[in-house]
Amino acid sequence: CEGDSACEYAAGDGGYIGRVENGCRGDYSCQEAAEYEGIITEIVNSCHDTEACKYAAIGIDDYYLGGGRIYSIHDSCVGTKACYNAAYYSGEIETISSSCSGTSSCAGMANYFGVVDEVSNSCHGTKACYDTSACELENLQCGSYITQILNSCHGEEGCYAMAFDGGFVRGVQGACNAINACHYAGSEAAGNDDISSGIAYCCNNPYECENADDESLPGTCGTNSPTTKPTVSPTTSPSKKPTSTPTKSPTETPTSSP
């Protein structure tokens, strides 16, 4: 299974694959794998290149039903947008380790009721974790949830808008260190703090945390960063302003399974 789209839709529509190892390499190679209630137990050293694991474990647009499940992704899914919108719409990925690195590689991951339990040593690159675990339902909390991010999401704007507008990240450690990495992180909280156990050993460069939520983040976010939200917004802002209601499909609608 080598080449572009080699394992696209693998285990989709309720299918099952125990292990994918040393295969499925190429652009879009594992796109939408384990979609719509599909299950893949483990992906190891596989599914590399552009958008290789994009929409992996994606669910359907009624938010709580139909998401796929991947138990472990290890040393896999490396490339631009490699894990873009993975676990979107109620999908679930238990563990991502040493995987999903590249520009925007984990952008939008676990949005709209998606769940990722742990991300470790993964998602490195510009905007790698941009808008992850976001809810984007104005003034509401949804089930978007990432339990822990460890040593991950390093890159310019790496954690920009993480847990935005009602999403949830339990804790971040040793992550998100680069220019503007934590701008808007945990902002526009709805109810509980969006990054409940705070951020440790992260956001250490000056002004990384402008407009981040000062209840979710430590009081001194970044060595020379302001201790509270600045009165003047940064010159840049998220590429899209969340709407009051979710859209019916991701930014780029997945293609239909064959």
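Along the sequence shown, residues carry numbers from 1.
When only modelled atom types and interatomic distance are considered, Asn45 and Asn22 share a side-chain donor-acceptor pair under 3.5 Å.
In this structure the side chain of Val116 reaches within 4.5 angstrom of the side chain of Met109, judged on heavy atoms. For the pair Cys123 and Cys129, the minimum side-chain heavy-atom distance is below 4.5 Å. Side chains of Thr132 and Ile146 form a contact here, defined as non-hydrogen atoms less than 4.5 Å apart. Between Glu51 and Tyr84 there is no side-chain heavy-atom pair separated by less than 4.5 Å. Here the side chains of Ser120 and Ser97 are in contact, with some heavy-atom distance below 4.5 Å. Looking at heavy atoms from C-beta onward, Cys176 lies in side-chain contact with Met162 at the 4.5 angstrom threshold. Residues Ile93 and Ile73 meet the side-chain proximity criterion, which asks for heavy atoms closer than 4.5 Å.
Checking side-chain atoms of Ser105 against main-chain N and O of Thr103 turns up no donor-acceptor pair under 3.5 Å.
For the atom pair CD1 of Ile40 and OG of Ser72, the computed distance is 11.5 Å after rounding to the nearest 0.5 Å. Atom NZ of residue Lys54 and atom OG of residue Ser29 lie 13.0 Å apart, to the nearest 0.5 angstrom. To the nearest 0.5 Å, atoms OG (Ser152) and CD1 (Ile96) are separated by 9.0 Å. Atoms NZ and SG, on Lys127 and Cys159 in that order, are 13.5 Å from each other to the nearest 0.5 Å.
Each of Cys30, Cys24, Cys7 was evaluated against Cys47; a single residue qualifies, Cys30, per the disulfide bond (SG atoms under 2.5 Å apart) test.
The aromatic rings of Tyr88 and Tyr112 sit perpendicular to each other, their planes meeting at more than 60°, with 30° as the lower class boundary.
Among all heavy-atom pairs drawn from Ala110 and Val115, the shortest one is CB-N, 4.2 Å. The two residues Glu35 and Tyr9 have their closest heavy-atom pair at OE2-CD2, 3.6 Å. Of all heavy-atom pairs spanning Gly23 and Glu2, the tightest one is CA-OE2, 3.8 Å. In terms of heavy-atom proximity, Ala57 sits nearest to Glu92 at CB-O, 4.0 Å. The two residues Asp75 and Ser99 make their nearest non-hydrogen contact at N-OG, 2.8 Å. The minimum heavy-atom distance between His48 and Ser76, with the atom names listed, is CE1-CA, 3.4 Å.
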Given side chain to side chain contact (heavy atoms under 4.5 Å, CB included), test Gln173 with Gln148 step by step and report yes or no.
-> CA-CA 8 Å; Gln173 294 186 27; Gln148 191 156 240; 3.9 Å; yes

Run the side chain to side chain contact (heavy atoms under 4.5 Å, CB included) check on Lys81 and Thr50 step by step: do they pass?
-> CA-CA 6 Å; Lys81 288 189 174 181; Thr50 300; 5.7 Å; no

Kindly determine whether Glu157 and Tyr130 satisfy side chain to side chain contact (heavy atoms under 4.5 Å, CB included), including the steps that lead there.
-> CA-CA 7 Å; Glu157 298 187 356; Tyr130 187 102; 4.2 Å; yes

Starting from the C-alpha separation in whole Å, work towards a yes-or-no answer on side chain to side chain contact (heavy atoms under 4.5 Å, CB included) for Asn121 and Leu150.
-> CA-CA 6 Å; Asn121 193 30; Leu150 305 170; over 6 Å; no

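Phe113 and Tyr89 have their aromatic ring centers separated by at least 6.0 angstrom.
Hydrophobic clustering of Ile, Leu, Val, Met, Phe, Trp and Tyr side chains at less than 4.5 Å, counting indirect connections, unites Ile70 with Val20.
Cys77 has its SG atom 2.5 Å or further from the SG atom of Cys100.
Annotation: side chain to side chain contact (heavy atoms under 4.5 Å, CB included) contacts of Ser101 (sequence neighbours excluded): His124. Residues passing the side chain to side chain contact (heavy atoms under 4.5 Å, CB included) test with Tyr71, sequence neighbours excluded: Ile39, Thr41, Arg69, Glu94.
Screening residues 100-120 for salt bridge (charged side-chain N to carboxylate O under 4.0 Å, His left out), with sequence neighbours left out, gives no hits.
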